[in-house]
Structures are given as structure tokens and as C-alpha cells.
2 protein chains.
Amino acid sequence: PVVLHGVGKRYRLGQVDIPALTGIDLEIHPNRFTVLSGPSGSGKTTLLNLIGGIDRPDDGRVVIDGQDLAQLDDDALSDFRARRLGFVFQNFNLLPVLTAFENVEYPLLLTGAAKPERRRRVDELLSAVGLADKAASRPNQLSGGQRQRVAIARALATSPRLVLADEPTANLDSHTGAAILALMRQMQRDYQASFVFSSHDPQVLAQADDAVHIRDGVITRVVRNLQG
Amino acid sequence: PVVLHGVGKRYRLGQVDIPALTGIDLEIHPNRFTVLSGPSGSGKTTLLNLIGGIDRPDDGRVVIDGQDLAQLDDDALSDFRARRLGFVFQNFNLLPVLTAFENVEYPLLLTGAAKPERRRRVDELLSAVGLADKAASRPNQLSGGQRQRVAIARALATSPRLVLADEPTANLDSHTGAAILALMRQMQRDYQASFVFSSHDPQVLAQADDAVHIRDGVITRVVRNLQG
Ligand SMILES: Nc1ncnc2c1ncn2[C@@H]1O[C@H](COP(=O)(O)OP(=O)(O)OP(=O)(O)O)[C@@H](O)[C@H]1O
Ligand SMILES: Nc1ncnc2c1ncn2[C@@H]1O[C@H](COP(=O)(O)OP(=O)(O)OP(=O)(O)O)[C@@H](O)[C@H]1O
Ligand SMILES: [Mg+2]
Ligand SMILES: [Mg+2]
């Protein structure tokens, strides 16, 4: 559902342009786990932000379900994202003034679901990430990994068609990480959702249906697993 | 050089106390890599903060090189930390208004080293973590892993006797993580330093001289490697 044509992104540093991404041609296949793999600083977060419409490219086009994101003004893009996407960011995922429950509930407020239905959904997700007992806690009362699990629950709240997760299992022990991946795999089957992860975790790469290898802002290799 | 006697830490949540650590008796042996291993929420960050004097226990005593930290008032404790310890935090490591160079230089300003000596040391450390070309960048211009590498360089700046690192290789690809561990191992030999890491990274655990397994705020097992 996602196609990138000749996408480029640069950051200005004084007199110089840092090429964060160059000439990206990429197709994200639907209903699969796609993993962006590459060294620190290679451009994974930048690429995720462009796919998710969090940022706009300097060159090329990002097209999701036939919609060229460049045709949407900021309000329309924001609305498009809220309805179709779920995000786990690398930093600053949660609203510090809200509890874990309220953070996970937040995307559901935008969809018009009634309170009893929201409560049921949030409780289900918090249990799935092992944090039912932390529903009333605020982010500053949670460990690094616990915050990440709340962020993952929130990203899945509206059962979005496309979930973008930046290093979702960083700060998680392998046991919790495996449980999170299994949850996302279940979501992918139940809701026909697509997942795009950036990750350094070999456990995540092992679970990938497709792997996009990126280095110094260019794609070096794409591996598609064709069975199953 | 570090001994904990009956250390406990609780967090107050409304009417209830959350026991983050209970009955911790632990000896950190000098000049070794000690790894704190345990699931998300088990108490690793809390324990590191107590060892480093960033926080004070509710029960028990923390003794570093014979100094009971409870005998030091906040100013004396702050001074003790600045001279002897190096830290890599799980979050918010760097000062956003300073460049990578200035962030790494900062601890050296407190030791009275002259500018040419500071410059030499900072350049050496930035090269060692692979970020010589990012010396003039600010944290918001760096990727997650790049910020972490700057934080590691900063923790090593004053060649401290004790380095505490919370998840130092999270957000780093395995190649960069291995390079960072090798750098720390070199520091440990050259400067007779002790390293205490919390980590979920099997690569870090494999490098450990001693492993402290923690679960639900208690130590379940300590493994000392006695050869070499
Ligand atoms: N400021 C706080 N207020 C209340 N509870 C807290 C606070 N900080 C930590 N806790 C709780 O103490 C427990 C231990 O937290 P800690 O951050 O030490 O875990 P951790 O082992 O570092 O986890 P992770 O691997 O996820 O970083 C957790 O249950 C956490 O919710
Ligand atoms: N706001 C910015 N200003 C300037 N340069 C930036 C900015 N954001 C990112 N960069 C640069 O773009 C490059 C790619 O960064 P990006 O965050 O996409 O990497 P990454 O693959 O996610 O790395 P990591 O695995 O460390 O998170 C890096 O060289 C980084 O320094
Ligand atoms: Mg990143
Ligand atoms: Mg922690």
C-alpha cells in the first residue's frame, strides 16, 4: 500500500547539506512485516518519518493506498495519518501528563468510539503488553521498557492498516520483545495490517517477511520472503 | 569498590508503595565488567541510580571505596560523583544546546584540564565512537544511536574509576555495539576502571566478567567468571 519514488531528504547544517536519504525507490507490500535494517545513522528513522507523513521529502513522492501525500495540505495529512496509521517513535512516545490508560486511549478519542468500548479495548491492549497493573501510572513512574510497551499498545489502539515502529524492541528483554512481536503478528493477521519496523534486533529481523537494508541513506538490498 | 548492604527502594503511588528494590546485598568487584541483567521493570535503572549516588535508598547502605554515601550531603555527593564516576543514562543524556564536542568536553571542564588537552581528549573519544565528523552537530541533528555514542564518549572523558551505563548498546547495531564494548574493555585495562552495565543485549552479557540477575526488585543469581 506504500510506494516511494525517487525519495530524497537532506538536512541543512550551516553551509552544508547532509544527505540523509538519496534516491529511495521502495514498495512496502501489504499485510506483511517489513524491517528496515541498517547501522546507526543510516537513515531508518528519517525513512519511517517520510513513510508515515510525519515529514515531507525534498525529492520524489510518497504514495499510500494511491494517495500522493504531497497533494494533502497539513490538516488533510494529519487527518489521513490519524485514521490509517499507528506509530511507535524512537523517543518521546507518551504524553507525560496522562496515565498509561489515557495514553493508550488517546487515539480512540479521535475515532468516536464510546467510553465502554474504549475501556474494553485499552484494557485488552494493556494486558497484551503485560501492563494491566500499571494502567494508572504516569510515564515518569515507568521504566524505559514499560514506556515502550505502552507506546506499542497505543500504536495498535485503533487497529490501523499501517503500523510504523522505530526500534520497538529496544529497551525490552528478549522475552518481552518476543511477546510484543507475537502480538503484532496476531494483529497483522486479525486486522490485515502492514507493519514497518526499523530495528537492530536480530529477533525482529528473523521475523521479517521483507527486509530493506539501508546504509548511508541508500537502499543496498531488499530481501523478500516468498513462501507462506 | 562498591558494596550494597540491605538496600531497598520504594516508590509511592497514591496510597501504595511500589517496591522497586528489596534487600539488595551486592559487591561490585573492581576492574571488571559487571552486567545487571533482568526483564523490563525489574529494577536495573533504579539499582544503577543508587550505585551512582543519583538517588538515595530507603533502606540499607551504599558504600563506594569505603565511603558510605549517606554520610555525604548533596554537595559533597555531587562532588564525589563528578570526580570518580562516569554515567550513560537510559534517557536524556546530552545537553541539547551544546554540540557533540561540547557535550563530551563538559566533564573535563570540572577537572581543570587546559583547552589543548581537553581538545585532544575529546577528538580521541569522538573518533573512537565513530563520530569525528559530527563534532559540531547538536543532539537534535543526530540519530538515536549517534546520541548514545556521544553519551558514551562523554562518560569516558575523565577516565573515571567507575562507569555506570544504562543500556549502552540499545539503539546501536551489533557492529557499532561491539566496537563500543571493545572501547570500554580497552578503557578498563588502560585506566583500571570498573564498569557496571544494565543491558538486554546478549552481546553485552557474553562480555560480562560478572552477571547480576535481577527480577521484581530482588537479586536472583550472581555469576562470577573466575578465570583470567
Ligand atoms: N519514579 C517512579 N515512580 C514510581 N515507580 C517507579 C519510578 N521509577 C521506577 N518505578 C518502578 O520501579 C520498577 C523498576 O523500574 P526500573 O526503571 O528500575 O526498571 P528497569 O529494570 O530499568 O526496566 P527497563 O529494562 O524497562 O528499563 C518498575 O516497576 C517501575 O514502574
Ligand atoms: N534534524 C536533523 N538535522 C540534521 N541532520 C539530521 C537530522 N536528523 C537526522 N540527521 C542525520 O541524518 C542521518 C540519518 O539519521 P536517522 O535518524 O534517520 O538514522 P537512523 O538510521 O535512524 O539511526 P539510529 O539507528 O542511530 O537511530 C544521520 O547522519 C543524522 O545525523
Ligand atoms: Mg533511528
Ligand atoms: Mg531501565
Side-chain angles (χ1 to χ4, degrees), chain A residues 11-16 18 20 37-48 89-93 99 129-131 133-134 136-150 166-167 169-177 179-180 198-203 205 213-215 217, chain B residues 11-16 18 20 37-48 89-93 99 129-131 133-134 136-150 166-167 169-177 179-180 198-203 205 213-215 217:
Chain A
Y11 292 109
R12 190 118 195 112
L13 219 68
Q15 302 290 353
V16 179
I18 307 267
S37 172
S40 173
S42 55
K44 301 178 299 296
T45 294
T46 304
L47 182 52
L48 275 176
F89 297 103
Q90 196 167 6
N91 292 300
F92 309 120
N93 261 299
T99 63
V129 299
L131 290 172
D133 61 339
K134 297 287 187 181
S137 298
R138 290 196 162 71
N140 70 346
Q141 295 163 335
L142 298 176
S143 75
Q146 290 168 336
R147 288 175 206 171
Q148 203 143 4
R149 286 188 263 158
V150 175
D166 206 344
E167 315 247 2
T169 61
N171 297 321
L172 297 180
D173 54 279
S174 60
H175 177 79
T176 310
I180 292 294
S198 74
S199 186
H200 295 302
D201 183 348
Q203 197 168 233
L205 200 51
H213 295 267
I214 180 165
R215 186 176 202 92
Chain B
Y11 292 109
R12 190 119 196 111
L13 218 67
Q15 302 288 356
V16 180
I18 306 268
S37 171
S40 172
S42 56
K44 302 178 300 295
T45 294
T46 304
L47 182 53
L48 275 176
F89 298 102
Q90 196 166 8
N91 292 299
F92 309 121
N93 262 300
T99 62
V129 299
L131 291 173
D133 60 339
K134 297 287 188 180
S137 298
R138 288 195 164 71
N140 70 345
Q141 297 163 334
L142 298 176
S143 75
Q146 289 168 337
R147 288 174 205 172
Q148 203 144 3
R149 286 187 264 158
V150 175
D166 206 344
E167 314 247 3
T169 62
N171 298 321
L172 298 179
D173 54 280
S174 59
H175 177 78
T176 309
I180 293 292
S198 75
S199 185
H200 295 302
D201 183 347
Q203 198 168 231
L205 200 51
H213 295 267
I214 180 164
R215 186 175 202 93

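First the proteins, then the strands, lettered A, B, ... as listed; each starts at 1.
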**Report entry** Stepwise side-chain contact (heavy atoms from CB on, under 4.5 Å) check, B/S143 with A/T45
**Finding:** CA-CA 8 Å; B/S143 75; A/T45 294; 6.0 Å; no
Query raised in the report: Does a side-chain heavy-atom distance below 4.5 Å link B/T169 with A/H200?
Result: no
Query raised in the report: Out of B/L131, B/T176, B/N171, B/D201, which one racks up the most heavy-atom pairs below 4.5 Å with chain A?
Result: B/N171
Query raised in the report: Sub-3.5 Å donor-acceptor pair from the side chain of B/D173 to the main-chain atoms of A/S40, do we have one?
Result: yes
**Report entry** Set of residues satisfying side-chain hydrogen bond (donor to acceptor under 3.5 Å, both in side chains) with respect to A/S198, sequence neighbours excluded
**Finding:** A/D166
Query raised in the report: Can you say whether A/N91 sits under 4.5 Å from chain B via the side chain, the backbone, both, or neither, judging by heavy atoms?
Result: side chain
**Report entry** Under 4.5 Å from a heavy atom of chain A, the part of B/Q146 involved
**Finding:** both
Query raised in the report: At a heavy-atom separation under 4.5 Å, does B/K134 approach chain A through its side chain, its backbone, both, or neither?
Result: side chain
Requested in this report: May I have the step-by-step check of side-chain contact (heavy atoms from CB on, under 4.5 Å) for A/I18 and B/Q141, ending in yes or no?
Outcome: CA-CA 10 Å; A/I18 307 267; B/Q141 297 163 334; over 6 Å; no
Report task. Any chance you could measure B/N140, atom CG, to A/Y11, atom OH, to the nearest 0.5 Å? Result -> 10.0 Å
Query - Rounded distance (nearest 0.5 Å) linking atom CZ of B/R138 with atom CG of A/L13 - result: 9.5 Å
